[in-house]
Each structure stands twice: as structure tokens, then as C-alpha cells.
Amino acid sequence: MNRTKIVAAIRQIPRGMVSTYGAVACAAGLPRGARQAAAALRTAVGLPWHRVLGFGGAIKLRGNSAFEQRFRLEAEGVRFRGRRVDMSQHEYKFPRIAPARAKRIG
DNA sequence: CGGGTGACTTCCC
DNA sequence: GGGGAAGCCACCC
């Protein structure tokens with residue numbers, strides 16, 4: 001199941017690192033599955049959900065959840081630049097799980 | 001089958 | 001940098 005791959009990918013993000021919806025989906029073999037990655041994060045439990053961000057390291061949650069996500073990341077040593085995570089330092093690059101052809105998303 | 005929806009992304013103003 | 005439009009995709013009526 002694709003959703004399982006997405007969950008597996010998210011679970012691999014180590015502490016102090018982050019990734020993006022698109023990258024996670026890509027690692028799971030779904031080049032256009034950013035939204036599916038988000039859906040998986042919403043439903044699945046026990047994931048490091050706070051380590052998944054929008055493109056460029058932006059928090060896509062709203063309200064209190066956004067605050068909590070930022071708080072948790074900072075607690076792991078992740079640094080922010082403005083409202084975005086400093087991706088040059090903390091972006092986690094997935095090992096290839098499934099062949100992910102690079103294509104534009106969006 | 002068709003239409004609405006979203007923790008998405010990219011362009012453009 | 002903020003806001004809107006358009007494209008994409010799985011899921012759910």
C-alpha cells in the first residue's frame with residue numbers, strides 16, 4: 001500500500017532532521033503525492049509528524065498546531081530562519097525506497 | 001460517474 | 001512577503 005510506504009518513509013526521519021511532504025511522497029514512490037503524505041500524517045499515529053514541512057521548510061499547519069510543531073522542532077535543535085526551517089542544515093535526504101522519477105509537482 | 005476537499009506546489013501580481 | 005489561481009491526487013459522498 002502506498003500509504004504504508006509514506007508512513008515508513010516518515011518514520012525514517014531522524015531526530016533533529018526534517019523533510020517535506022513532496023520529498024516524503026517521492027521517497028515512497030509517489031512523485032505527486034504531497035497531499036497524500038499530508039493525509040497519512042493526519043490519520044496515522046506514532047509518527048514524527050512535526051518533522052514534515054511544506055516546500056522550503058514552511059510550516060503548513062494553522063493555529064495552535066503550528067506553534068506546537070515549531071516548538072517540538074526547536075526542542076530537537078532545529079533552527080528556524082524566519083518562519084521556515086533552515087533546510088540547508090536540517091533537510092533529511094531519503095535513501096531511495098522506490099524508484100522516484102523526478103518531475104515537477106504542482 | 002461526478003463533484004467537493006485538503007497539514008501541497010508553482011506562477012504571477 | 002502575502003494572496004489568488006491553477007494543477008494534481010486519493011478519498012469520500
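Throughout, a chain's letter reflects where its sequence line sits, starting with A, and its residues are numbered from 1.
- Computed from coordinates, the A/Gln36 CD to B/dG6 P distance equals 14 Å when rounded to whole Å.
- Atom CE of A/Met87 and atom C1' of B/dT9 are 14 Å apart (whole Å).
- Considering all non-hydrogen atoms of both residues, A/Gln89 and A/Met17 come closest at O-SD, 4.5 Å.
- The side chain of A/Arg32 approaches C/dC8 more closely than any other nucleotide in the set B/dT9, B/dG6, C/dC8.
- Taking atom CD of A/Glu68 as the reference point, atom P of B/dA7 lies 16 Å away to the nearest angstrom.
- If you check C/dA10, B/dA7, C/dC11 against the side chain of A/Met1, the one that comes closest is C/dC11.
- Distance, A/Leu41 CG to B/dG6 P: 17 Å, rounded to whole Å.
- With A/Phe80 as the aromatic partner, A/Arg70 meets the cation-pi criteria of under 6.0 angstrom to the ring centre and within 45 degrees of the ring axis.
- A/Tyr21 and A/Gly54 make their closest contact through CE1-N, 3.3 Å (heavy atoms, listed as atom of the first residue, atom of the second, distance).
- The distance between atom CZ of A/Arg84 and atom C1' of C/dG1, rounded to the nearest whole Å, is 9 Å.
- Between the CH2 atom of A/Trp49 and the P atom of B/dA7 there is a distance of 13 Å, rounded to whole Å.
- Of the candidate nucleotides B/dA7, B/dT9, C/dA10, B/dA7 has the atom lying nearest to any side-chain atom of A/Arg62.
- Within the 4.0 angstrom heavy-atom criterion, only backbone atoms of the sugar-phosphate kind lie near A/Phe55; the bases stay farther away.
- The phosphate of C/dA10 has neither OP1 nor OP2 within less than 4.0 Å of any side-chain N or O from A/Arg35.
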Criterion side chain to side chain contact (heavy atoms under 4.5 Å, CB included) on A/Val18 and A/His50, from CA distance to verdict: CA-CA 8 Å; A/Val18 299; A/His50 54 285; over 6 Å; no

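- If you take atom C1' in B/dA7 and the same atom in C/dC13, they sit 22 Å apart, rounded to whole Å.
- Using a 4.0 Å cut-off between charged nitrogen and carboxylate oxygen, A/Glu74 and A/Arg79 do not count as a salt-bridge pair.
- Distance, A/Phe67 CZ to B/dA7 P: 21 Å, rounded to whole Å.
- Proximity note for A/Lys60 (side chain, C-beta onward) versus C/dC11, C/dC9, B/dC8: the nearest is B/dC8.
- Taking atom CD1 on A/Ile59 and atom C1' on C/dG1, their separation rounds to 17 Å, with Å as the unit.
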